[in-house]
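To start, the structure under review is shown below, and the notes come after it.
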Amino acid sequence: MPENENNFAGKGEESNRYNPAEIEPRWQARWDADPELYRAEDHTSGKPKFYCLEMLPYPSGQLHMGHVRNYAIGDALARFMWMRGYNVLHPMGWDAFGLPAENAALKNNTPPRQWTLSNIEAMRKQMRRMGLSYDWGTEVTTCLPDYYRWNQWFFLKMYEQGLAYRKSSKVNWCPKCCTVLANEQVVGGHCWRHEDTLVEQRELEQWALRITKYSDELLDGLDMMPGWPDKVRTMQRNWLGRSQGTMVDFAVAESGSESARQLDEPTPPALEQARAGAGKITVFTTRVDTIFGATSIQLAPEHPLVKAWLADDAQLASAVEKMLAEQQAAREADNLGGIEKEGAFTGKHALNPFTGETLPIWVANYILADYGTGAIMSVPGHDERDFEFAQKYGLPIKRVVAPNVDTNDLALPYTGEDEAVLVDSGEWTGENCLEAQDKMASFAEANGFGKKTTTYRLKDWGVSRQRYWGTPIPMVYCTNGHDGVPAGGIVPVPESALPVLLPEHIEITQEGGSPLGKVPEFANTACPVCGGPARRETDTMDTFVDSSWYFYRYTDAKNASAPFDSAKANYWFPIDQYIGGVEHAILHLIYSRFWTKVMRDLGLIENSEPAERLFTQGMVIKDGAKMSKSKGNVVSPDDMIERYGADATRMYALFAAPPDRDLEWQEDGVAGVSRFLSRVYRLASKYAPVVRASRSNAHGDEAAASATAGQTPAGQALLRTLHQTIAKITTDFSGRWHFNTCIAAIMILVNELSAAETAMDSGDVAGITIAEIFEALVLLLAPFAPFVAAELWEQIGGEGVLFRQPWPEADAELARENELEVPVQINGKLVSVVKVSAESEDETIKDVAMSDEKVRTRLAGKTLVKTIVVKGKLVNLVVK
RNA sequence: GCCCGGAUGGUGAAAUGGCAGACACAGCGGACUUAAAAUCCGCAGACCCUUAUCAGGUCGUGCCGGUUCGAGUCCGGCUCCGGGCACCA
């Protein structure tokens, strides 16, 4: 910086000037040249381990402020844990598969691989510029074959275990692109790329992973994860949606005229089939106790029985068609909840197995086809939705539950159950609802028309994507079939043939289904079993697969013969602290929990959960709104670093708000932190010679002893603040993580040092004390502002690598105040403040308070009723 | 509709049930400077009393109530803002 030379004549002056633009690149170069610097010790290390992990980013090419904040938190923690003597694993990687690479390819004609890898390069550079303490030796890039081959390996293992299977499911389909769209690519019901094209719902054969096998474990595990935020656990609980209830069979009664008409007409085989099984409708209910109040059966429009009946009943067919169309429209408008309840009578009836009553069977748009059995018994008296429906269509509404035996006139619908009792329910009348649920379910079970059941909202995980830039699914379809495999049947690729490589030079176009399907060299292959012609699976895996287990790979990133070595994973897992955005609370974090359980059952690891503790940081906000390109309020980290340096940028991200809260980005605040660092730099540089001299004079214990003994009051006061600061920061790191107040505490210390400058210069503070304080100050700064801390550590003659120095110990004795200011209240109102010595007894404190001038005046003529003395806090005099 | 958060000066925020507003930002005043920038020092919740000072008083943590010697903090009932889920039988 040439202006420095102009502004500062003296060389000594210049060295006191904080210049991050000079310091930071210099230290970065030194750190980059030392790949061992942040390398964890081997798993055989005897040290206690600490696995500190931040969520891996998608390599968009640009770090944003959310990343900066996330990594600043993780980095501070990792550095602190190192200094506390832990063996720390602090890795970073890239969630490198995904659609944006394909879009970029379309737009700029750049191959996805090239685009992705150059983005990674750019972001890695930004991270290095930030001074983040990652061990780049364990870097994981999910789009490279040495990673994704293990996705394929896991897929084969899951196939062997019956955890991966083909399933027909509904997908968003763009007829113009001829491809499946992710939910987030559907904008207002239209294809995000073709605004005039409506997205269709299509049934498609897809690969799915049987996550539902672990539903109970995923749910119950949440209760044993106190290190995860309640918010996340609640969200997962709702997502899993376990509900205990009963399946009940209602026999379908054939009505004479209807069936006669049906018999006259030719019946398609599907209908015949449906009719054969049409003996009963199974409903799922959590309130089997209310079954005496059932007044109809409601089927989802997609229910197979409804489909069968449509052919016979044109009126029903058009009603159902209308419902489906409206549902579709609502889905497009993203307003499924706001749709009005509608239904149509099927003309059929069913028998209530408990009462023998005949109930009309309806089709209703509020019944979900994919939850429970797609059929319910409608109890309008005790269910709000059924009530609304029954009112609209004039169906009877019966009361069968009352809050207690005497209260029978409460408005319907009444949905209470805990203390409630049954009425008008035959032999069950008078029973408590909850007890009746159990007994009636058992009764149904014993009589063969019901079963206690647990249902889940969670569905199996559909992992097929009709995309290019993802992990190829390692399956082939044997064209002619062979022994035990029908023509076109599934044959897994043998492990030895992995990886199934993604072809690199392909033309990406907008249309035509799976891009890999149009690459004959890829799609056409030989059946690994019979050698005959075969076609590869041309779908790729959901990118959530990549992020479900990447953190295990970090423990053994170079392993070429296994996803990782179990001994290494078992040493490092579970992750001690996982840090990331709350937006991943459900999908990523459920999928990774699932994957962990699968790996455990495969015998690869011992832990059942991936992370001991999870921290979700708040958003970065600017002008009251989340930063986004469309709002034009994005602040670029590069800009900030250029202007104020990485230290100031990181430190501001920690100082402006506690990490769990949203953070309002104010550039003036960054400038303020930068000014603070200048003050620290100037002071530490100025006293560096004192520190160095004291270090070379001092000899071990002697030095330590003289640091604390025979202090001047000025020195004692500084030491007191120092040790209070150490204590505060140390506690905060292991609990609240309120780094904003930690940094404030360091500021207080530095302000005091500034104020004590004259005292220090005039010899009022011993050199050994000055040394102790500045050494500790630099150590305290290390987790938050590593560049300037490293620089100052060197200037003050510190030995070794700063980030491996032991964290300073707080000395409670030195931190203790010897005189306390105690507020005095009268009837809870502050009246005065008195000074007492820290050792004073309550009685003494009271006496001092009572003799205070202001207190005496106020007390005149009053009667003292009660005195409250809280040691070190206050005195409250209660008077009348 | 349901479930979570949150609400404190002009702004970001701080405060194991114990002096509300630490620490900063912006602001104002001063020092340094020919001047500015930078830096340093000081002031700073609102209102009232006072010619002014010194000092003093009243009110004040979204609203209403409660518990307590004492409530930003705990309890009950609301309002508004943010996030998640949403006909889950």
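All chains are named by letter (A, B, ...) in the order of the sequence lines, taking the proteins before the strands, and each is independently numbered beginning at 1.
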Centroid separation A/W665 to A/Y652 less than 6.0 Å: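 They qualify: ring centres under 6.0 Å apart.
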Compute the centroid of each ring, for A/F250 and then for A/F449, and state whether the two points are separated by less than 6.0 Å.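 Between A/F250 and A/F449, the centre distance exceeds or equals 6.0 Å.
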Side-chain N or O of [X] closer than 4.0 Å to phosphate OP1/OP2 of [N]:
X: A/Y366; N: B/A89; answer: no
X: A/R457; N: B/A86; answer: yes
X: A/R858; N: B/G57; answer: yes
X: A/K871; N: B/U16; answer: no
X: A/R675; N: B/A26; answer: yes

Distance between [atom1] atoms of [N] and [M] (Å, rounded):
N: B/U8; M: B/G12; atom1: C1'; answer: 12 Å
N: B/G57; M: B/U67; atom1: C1'; answer: 30 Å
N: B/A22; M: B/A86; atom1: C1'; answer: 43 Å
N: B/A13; M: B/C25; atom1: P; answer: 16 Å
N: B/U16; M: B/A89; atom1: P; answer: 41 Å

Between [atom2] of [N] and [atom1] of [X], the distance in whole Å:
X: A/F739; N: B/C23; atom1: CZ; atom2: P; answer: 21 Å
X: A/F655; N: B/U11; atom1: CZ; atom2: P; answer: 17 Å
X: A/L830; N: B/G70; atom1: CG; atom2: C1'; answer: 12 Å
X: A/Y652; N: B/A26; atom1: OH; atom2: P; answer: 11 Å
X: A/I586; N: B/C3; atom1: CD1; atom2: C1'; answer: 12 Å
X: A/Y18; N: B/C40; atom1: OH; atom2: C1'; answer: 20 Å
X: A/F284; N: B/C87; atom1: CZ; atom2: C1'; answer: 15 Å

Ranking A/D662 and A/I743 by the position along RNA chain B of their nearest nucleotide, the one closer to 5' is A/D662
Tell me which of A/M377 and A/V582 sits closer to the 5' end of RNA chain B, going by the nucleotide each one is nearest to. A/V582
Classify [X] by what it touches in the nucleic acid, base, sugar-phosphate, or nothing, heavy-atom distance under 4.0 Å.
X: A/G372; result: nothing
X: A/K854; result: sugar-phosphate
X: A/K341; result: base
X: A/Q825; result: base
X: A/N751; result: sugar-phosphate
X: A/I748; result: sugar-phosphate
X: A/I367; result: base
X: A/R682; result: nothing

Where the side chain of A/T285 is concerned, which of B/A13, B/C40, B/A89 is the nearest nucleotide? B/A89
Which nucleotide, B/A7, B/G12, B/G18, lies nearest any side-chain atom of A/N876?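 Selected nucleotide: B/G18.
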Between the side chains of [X] and [Y], is a donor N or O closer than 3.5 angstrom to an acceptor N or O?
X: A/N19; Y: A/Y681; result: no
X: A/K398; Y: A/T295; result: no
X: A/Q236; Y: A/T234; result: no
X: A/Q244; Y: A/Q437; result: no

Step by step, would you call A/V788 with A/V680 a side-chain contact (heavy atoms from CB on, under 4.5 Å)? CA-CA 9 Å; A/V788 71; A/V680 175; 5.9 Å; no
Students often mix this up, so state it plainly: with edges at 30° and 60°, are the rings of A/W737 and A/F739 parallel, tilted or perpendicular?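 Taking A/F739 first and then A/W737, their aromatic rings lie parallel (interplane angle under 30°).
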Which donor-acceptor pairs under 3.5 Å do the side chains of residues 365-374 of chain A make with protein atoms, sequence neighbours left out?
| from | atom 1 | to | atom 2 | distance (Å) |
| --- | --- | --- | --- | --- |
| A/N365 | OD1 | A/E342 | N | 2.8 |
| A/N365 | ND2 | A/E340 | O | 2.8 |
| A/Y366 | OH | A/D386 | OD1 | 2.7 |
| A/Y371 | OH | A/S243 | OG | 3.3 |
| A/Y371 | OH | A/T455 | OG1 | 3.0 |
| A/T373 | OG1 | A/T282 | O | 2.7 |
| A/T373 | OG1 | A/A375 | N | 3.4 |
| A/T373 | OG1 | A/A375 | O | 3.2 |

Could you classify B/G9 for me, syn or anti, using a glycosidic angle within 90° of 0 as syn? syn
Ignoring hydrogens and angles, are the base of B/C25 and the side chain of A/D668 linked by a donor-acceptor pair under 3.5 Å? no
Under 3.5 Å, is there any donor-acceptor pair linking the side chain of A/K231 to the base of B/C3? no
Does RNA chain B take part in any stems of at least 3 consecutive Watson-Crick or G-U pairs (both distances under 3.5 Å), and if so, which ones? B:1-7 with B:79-85, B:10-12 with B:23-25, B:27-31 with B:39-43, B:45-48 with B:56-59, B:62-66 with B:74-78
Give the C-alpha distance, both sets of side-chain angles, the deciding distance and a yes or no for side-chain contact (heavy atoms from CB on, under 4.5 Å) between A/L749 and A/L777. CA-CA 8 Å; A/L749 174 64; A/L777 172 62; 4.0 Å; yes
Can you name the nearest heavy-atom pair linking A/M640 to A/V670, along with the distance? SD-CG2, 4.1 Å
For RNA chain B, determine which residues of residues 234-249 of chain A have any heavy atom closer than 4.0 angstrom to one of its atoms, and list them numerically.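 Within residues 234-249 of chain A, the residues near RNA chain B are A/T234, A/M235, A/S243.
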Between the main-chain N or O of A/I729 and the side-chain N or O of A/T731, is there a donor-acceptor pair closer than 3.5 Å? no
